[in-house]
Amino acid sequence: MSTATTDIDALAASLRAAIGAERVISDRQELRTYECDGLAQYKVVPALVALPEDATQCAAVVRACVAAGAPFVARGSGTGLSGGALPHADGVLIVTSRMRDIIEVSPADERAVVQPGVINLAVSRAATPHGYYYAPDPSSQQICSIGGNVAENSGGAHCLKYGFTTNHVTGLEVVTPDGDLVRLGGRAPDPPGYDLLGAFVGSEGTLGIATEVTVRLVRLPESVRTLLAAFAGTDAAGAATSAIIAAGVVPAAVEMMDALAIEAAEAAVHCGYPPGAGAVLIVELDGPEPEVAAQFAEVERLCRDNGATEIRIAADDAERALFWKGRKSAFAAVGRISPDYIVQDGVIPRTALPEVLRRIAELSAERGIRVANVFHAGDGNLHPLVLFDAAVDGETERAEEVSGAILELCVAAGGSITGEHGVGMDKAKHMPRMFTDDDLDTMQLVRCAFDPRSLANPGKVFPTPRLCGEAPGRRRGAHPAQEAGLAEVF
């Protein structure tokens, strides 16, 4: 659907009438505040920004967009790293940051009900007095919002043991792309019928906007123990990781940083990691005290057996926080050692870690582009930080080539182009490396069922949208699902 003829002034007037003039931004300079998310390489100034304060207002904004034929994009805190919240130049950016009420914390049900603008860490802070917390913990948990976590199916260091956002969301209130308010799931752990909740979580704003989220709370563990192990390089640290998992130990987290990532973290937050380390592992165990004590001794032994040059055990919560401070600050910290960088996100089998990391080092040397590695080693979720200087001719292009080549390595190793950051704008072009045209069109059929007008976050996730009449046009020939009578192209 073309949006070139959208009357922005008329749409702005309609939005002001629906939700109040103070909740609509149309000034060009103010709009520039929202021109990108955490992936600053892509910037688009939206035509309008709407700031609804509740679900009814959010639905009213979507209905106004539908009436005007204007695309809309949902945005939370704007910390996404794939361009998923990149605005549409002819559309409305719907910002949910004012919807930040924690509606209920129910320890008896082990549930919390929150609005999408609630900050991730705030959920745990509200639940902790009751003996519970919210397990998914992205590195940006102090600023990222639950609505964005739902859109991207965000992960975090402790997802090795506890799973991703999708494993902790049991219910949603959603504004559909038609502007209707509907509920998916609830407090029950497994409602009957099609798993529409599962389809929505991780759909990156293409199926609607979450306006209320029911999340699962996890009881605070009896014991938490954390160690930091230094190694000569990533090969030895990777071998230790594989040995820990192979021994049947499932830590809450196993995180790895290489020498360049350590250098950046030291420059930024002075975390005091062992000097000269080629790599460090942070391993955290939690659970009943006897189980943690037994497994912790096993983890120590396996780290030493695989070449750990130094092992530090956190004596208290303060030291544990210092261990994590370096890891949690890593993405921002590389700004201390490079003027520009790309945060990549791919997944590989744990056993492929040494080979893939060696190949990344070779790519770095071949192209003259530094790469810092910091990642969730326990589940093979890589976050290579590709460093470059945009002021140097050709470096941006070489960095993008290295970034794409890393994703090719991940797919070739049997992995994925994203583990938790989403596809968004940045990785849409890489989707054909994982999926056939028929695969992609089948996914589009699901999208079309929710959004036949293609107004919800258009241009994201899919590289060449063909269904729903979205440019550059329909697929040539019938989709196999159509031929089988199983689906309809809108």
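Here the side chains of Y34 and V95 are in contact, with some heavy-atom distance below 4.5 Å. For the pair E400 and F388, the minimum side-chain heavy-atom distance is 4.5 Å or more. You'll find the side chain of V213 stays beyond 4.5 Å of the side chain of N149, heavy atoms only.
For the atom pair CG (L81) and CD (Q41), the distance works out to 10.0 Å, reported to the nearest 0.5 Å. In this structure, E204 CD and M425 CE are separated by 12.5 Å, a value rounded to the nearest 0.5 Å. If you take OG on S139 and NZ on K328, they are separated by 5.0 Å, rounding to the nearest 0.5 Å. The CZ atom of R16 lies 13.5 Å from the CZ atom of R23; values are rounded to the nearest 0.5 Å. Distance check, rounded to the nearest 0.5 Å: CG of L196 to CZ of F450 gives 5.0 Å. Note that CZ of R75 is 8.0 Å distant from OG of S97, once rounded to the nearest 0.5 Å.
In this structure, D27 places its CG atom where more than 12 heavy-atom neighbours from other residues, nucleotides or ligands lie under 6.0 Å away. Atom CD of Q142 sits in a sparse spot, with 12 or fewer heavy atoms from other residues, nucleotides or ligands closer than 6.0 Å. Heavy atoms of other residues, nucleotides or ligands lying less than 6.0 angstrom from CZ of R187 number more than 12. Counting heavy-atom neighbours within 6.0 Å of K325 NZ, excluding the residue itself, gives a total of 12 or less.
C410 approaches V347 most closely through the heavy-atom pair CB-O, 3.7 Å. Here the shortest heavy-atom pairing between A210 and F200 reads N-CZ, 3.8 Å. Heavy-atom minimum distance, D345 versus L407: O-CD2, 3.7 Å. Taking every heavy atom of both residues into account, G404 and R433 meet most closely at O-NH1, 3.1 Å. Heavy-atom minimum distance, V371 versus P384: CG1-CB, 3.8 Å. Taking each heavy atom of D258 and A261 in turn, the nearest pair found is OD1-N, 3.0 Å.
Only one option out of L93, L15, L51 pairs with I25 in a side chain to side chain contact (heavy atoms under 4.5 Å, CB included); it is L51.
Under the 3.5 Å distance criterion, with hydrogens and angles disregarded, no donor-acceptor pair is assigned to the side chains of T442 and D439. No side-chain N or O of D426 forms a donor-acceptor pair with one of S82 less than 3.5 Å apart.
The residues E255 and R327 are annotated as salt-bridged, a charged nitrogen and a carboxylate oxygen being separated by less than 4.0 angstrom. Between E263 and R370, no side-chain nitrogen of the basic residue sits less than 4.0 Å from a carboxylate oxygen of the acidic one, so the salt-bridge criterion is not met.
Below 30°, between 30° and 60°, or above 60°: for H376 and H383 the angle between ring planes is above 60°, a perpendicular geometry.
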Q.
Working note: E401 + R398, criterion salt bridge (charged side-chain N to carboxylate O under 4.0 Å, His left out); need CA distance, chi angles, decisive distance, verdict.
A. CA-CA 5 Å; E401 289 173 4; R398 293 205 309 277; over 6 Å; no
